[in-house]
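Written below as structure tokens is the structure these notes are about.
All residue numbers in this chain count up from 1 along the given sequence. All values derive from a computational prediction rather than experimental measurement.
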Amino acid sequence: MRRRLYLMRHAEVSYFGDDGSPVNPAGVPLNEEGVAQAKAVARALGEIEIDRIVTSGLPRTLETASIVAPGRDAESWPELREIQGGRLSEIPADALHHEFVHAFRGVIPNDARFLRGESIGELFDRVLPALERLLADEWDTALAVLHGGVNRAILSYALTGERMFLGPFEQAPACVNVLDVGDDWIVRAVNVAPYDLAHLAHRQTTMERYWAEYRG
């Protein structure tokens with residue numbers, strides 16, 4: 001029998017203030033929209049018996065998990081934190097737009113660096129051993145509340161069996177991906193947003209939206 005992993009991205013947060021100034025991503029909480037998104041996921045998954053909940057330990061994942069599965073203990077796995085970017089202020093102005101909005105475009109090589117910070121290869125170096133450790137444990141149905149870049153790495157590995165990073169796996173806030181795993185991986189659903197099943201709200205990527213917020 002295959003086991004099931006509900007791979008979720010944390011709900012909406014505000015990474016930039018009204019003036020475009022960055023907020024420390026290590027401590028940013030869910031905003032009002034994010035709380036509503038997480039509640040929609042809670043309703044969608046409410047009848048499912050989940051016996052394991054894993055987060056990255058960052059507040060936005062812990063808060064999302066507490067809404068989706070209230071009263072349940074959520075584990076914190078820091079190796080599953082989001083890919084770390086560099087300082088935006090240190091990226092030349094004429095390159096910033098391209099590097100920001102194209103951060104997850106196409107098949108991204110392992111030596112590419114996310115906003116001149118952590119590389120894709122370094123992301124795989126910590127995410128894949130954590131994934132193997134999770135699979136080595138005993139559980140039937142697990143919920144992992146993680147991040148857009150981390151989820152892309154896991155989805156890409158599940159599909160290809162390789163350290164190939166497929167950037168176009170868009171991950172809306174509070175989206176749910178459904179994966180089954182036994183002797184092999186089965187990817188059953190990607191980027192399901194219970195609060196907007198048809199993705200009618202917008203056609204921008206998350207990075208394009210964040211760029212607009214950064215620009216104020």
Side-chain angles (χ1 to χ4, degrees), residues 3-11 13 15 22-28 52-65 68 73-88 90-91 99-100 102-139 142-181 184-185 187 190-191 205-207 210:
R3 295 179 290 171
R4 173 151 295 180
L5 173 62
Y6 290 99
L7 177 64
M8 184 180 175
R9 185 188 173 210
H10 63 81
V13 300
Y15 288 116
V23 176
N24 184 357
V28 64
R52 190 77 179 269
I53 302 174
V54 173
T55 75
S56 71
L58 291 177
R60 57 192 186 271
T61 65
L62 287 167
E63 187 177 357
T64 300
V68 173
D73 291 332
E75 304 170 35
S76 295
W77 291 31
E79 60 267 52
L80 295 175
R81 69 190 182 279
E82 182 59 300
I83 188 169
Q84 180 68 45
R87 292 182 177 273
L88 298 183
E90 295 177 357
I91 301 176
E99 294 195 24
F100 201 105
H102 288 262
F104 291 129
R105 296 282 180 89
V107 179
I108 305 176
N110 276 233
D111 60 358
R113 294 193 173 276
F114 176 70
L115 296 176
R116 306 199 181 187
E118 188 176 22
S119 73
I120 295 298
E122 290 166 341
L123 176 67
F124 275 126
D125 286 344
R126 56 182 173 82
V127 168
L128 294 185
L131 183 61
E132 292 302 319
R133 181 160 62 93
L134 177 62
L135 296 181
D137 292 341
E138 292 187 7
W139 49 269
L143 170 68
V145 184
L146 305 176
H147 305 270
V150 174
N151 288 1
R152 284 175 169 90
I154 294 173
L155 287 166
S156 298
Y157 180 74
L159 277 179
T160 69
E162 301 176 5
R163 291 164 55 103
M164 178 183 293
F165 191 93
L166 304 176
F169 274 131
E170 181 61 20
Q171 292 287 280
C175 72
V176 180
N177 309 280
V178 184
L179 298 89
D180 287 348
V181 60
D184 55 1
W185 285 92
V187 179
V190 173
N191 197 28
T205 67
T206 53
M207 293 304 291
Y210 292 149

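With sequence neighbours left out, Thr205 forms a side chain to side chain contact (heavy atoms under 4.5 Å, CB included) with Glu170, Met207, Glu208. Under the rule for a side chain to side chain contact (heavy atoms under 4.5 Å, CB included), the partners of Val23 that lie at least two apart in sequence or sit in another chain are Val28. Take Ile91 and apply the side chain to side chain contact (heavy atoms under 4.5 Å, CB included) test, not counting sequence neighbours, and it matches Leu88, Ala95, Leu96, Glu99, Leu115, Arg116. In terms of the ring pair (Phe, Tyr, Trp, His ring centres under 6.0 Å) criterion, residue partners of Phe114 (sequence neighbours excluded) are, by chain and number, Phe104. Residues satisfying the salt bridge (charged side-chain N to carboxylate O under 4.0 Å, His left out) test with Glu63, not counting sequence neighbours, are none. Checked against side-chain hydrogen bond (donor to acceptor under 3.5 Å, both in side chains), Asp137 has the following partners two or more places apart in sequence or in another chain: Arg52. Partners of Tyr157 by ring pair (Phe, Tyr, Trp, His ring centres under 6.0 Å), not counting sequence neighbours: none found. Judged as a side-chain hydrogen bond (donor to acceptor under 3.5 Å, both in side chains), and not counting sequence neighbours, Asp111 has no contacts. A search for side chain to side chain contact (heavy atoms under 4.5 Å, CB included) contacts involving Ala130 returns Trp77, Glu79, Leu80, not counting sequence neighbours. Remark: Ser56 pairs with Thr61, His147 by the side-chain hydrogen bond (donor to acceptor under 3.5 Å, both in side chains) rule, at least two apart or across chains. Residues meeting the ring pair (Phe, Tyr, Trp, His ring centres under 6.0 Å) test with Phe124, sequence neighbours left out: none.
Annotation: Asp73, atom CG; neighbour count of heavy atoms from other residues, nucleotides and ligands within 6.0 Å does not exceed 12. Counted within 6.0 Å of CD on Glu138, heavy atoms from surrounding residues, nucleotides or ligands total 12 or fewer; the atom is thus considered open.
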Residue pair Arg126, Glu118: steps toward the salt bridge (charged side-chain N to carboxylate O under 4.0 Å, His left out) verdict: CA-CA 11 Å; Arg126 56 182 173 82; Glu118 188 176 22; 2.8 Å; yes

Pair Trp185, Asp180 - check side-chain contact (heavy atoms from CB on, under 4.5 Å), show working. CA-CA 6 Å; Trp185 285 92; Asp180 287 348; over 6 Å; no

Given the rule in the side-chain contact (heavy atoms from CB on, under 4.5 Å) test, do Val68 and Val145 qualify, once you have shown the distances and angles that lead to the verdict? CA-CA 10 Å; Val68 173; Val145 184; 5.8 Å; no

Asn177 vs Val187, test: side-chain contact (heavy atoms from CB on, under 4.5 Å). Steps then yes/no. CA-CA 8 Å; Asn177 309 280; Val187 179; over 6 Å; no

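Leu62 and Ser76 make their closest contact through CD2-OG, 3.8 Å (heavy atoms, listed as atom of the first residue, atom of the second, distance). The two atoms that bring Arg60 and Val13 nearest to each other are CB-CG1, 3.8 Å, heavy atoms only. Heavy atoms only, all atoms of each residue included: Leu135 and Arg3 are closest at O-NH2, 2.6 Å. In terms of heavy-atom proximity, Ala26 sits nearest to Pro59 at O-CD, 3.1 Å. Across all their heavy atoms, Thr206 and Pro173 have their closest contact at CG2-CD, 4.2 Å. The minimum heavy-atom distance between Leu5 and Ala144, with the atom names listed, is CD1-CB, 4.0 Å.
Side chains of Glu75 and Thr55 form no contact here, defined as non-hydrogen atoms less than 4.5 Å apart. Between Gln171 and Asn191, some side-chain heavy-atom pair lies under the 4.5 Å cut-off. With contacts defined as side-chain heavy-atom distances shorter than 4.5 Å, the pair Val150/Glu82 qualifies.
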Tell me which donor-acceptor pairs under 3.5 Å the side chains of residues 158-168 have, and how far apart each pair is, sequence neighbours excluded?
from: Thr160; atom 1: OG1; to: Ser156; atom 2: O; distance (Å): 2.8
from: Thr160; atom 1: OG1; to: Glu162; atom 2: N; distance (Å): 3.1
from: Thr160; atom 1: OG1; to: Glu162; atom 2: O; distance (Å): 3.3
from: Arg163; atom 1: NE; to: Asn110; atom 2: OD1; distance (Å): 3.4
from: Arg163; atom 1: NH1; to: Asp125; atom 2: OD1; distance (Å): 3.0
from: Arg163; atom 1: NH2; to: Asn110; atom 2: OD1; distance (Å): 3.4
from: Arg163; atom 1: NH2; to: Gly121; atom 2: O; distance (Å): 3.1
from: Arg163; atom 1: NH2; to: Asp125; atom 2: OD1; distance (Å): 3.1

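Rounding to the nearest 0.5 Å gives a distance of 9.0 Å between CG of Leu7 and CG of Leu143. Note that CD1 of Ile53 and CE of Met8 are 11.0 Å apart. Values are rounded to the nearest 0.5 Å. Summarising the geometry, atom CZ belonging to Phe169 is positioned 12.0 Å from atom CD1 belonging to Ile154; distances are rounded to the nearest 0.5 Å. The line from CG of Leu123 to CD of Gln84 is 11.5 Å long, rounded to the nearest 0.5 Å.
In this structure a side-chain-to-backbone donor-acceptor pair under 3.5 Å is present from Glu122 to Ser119.
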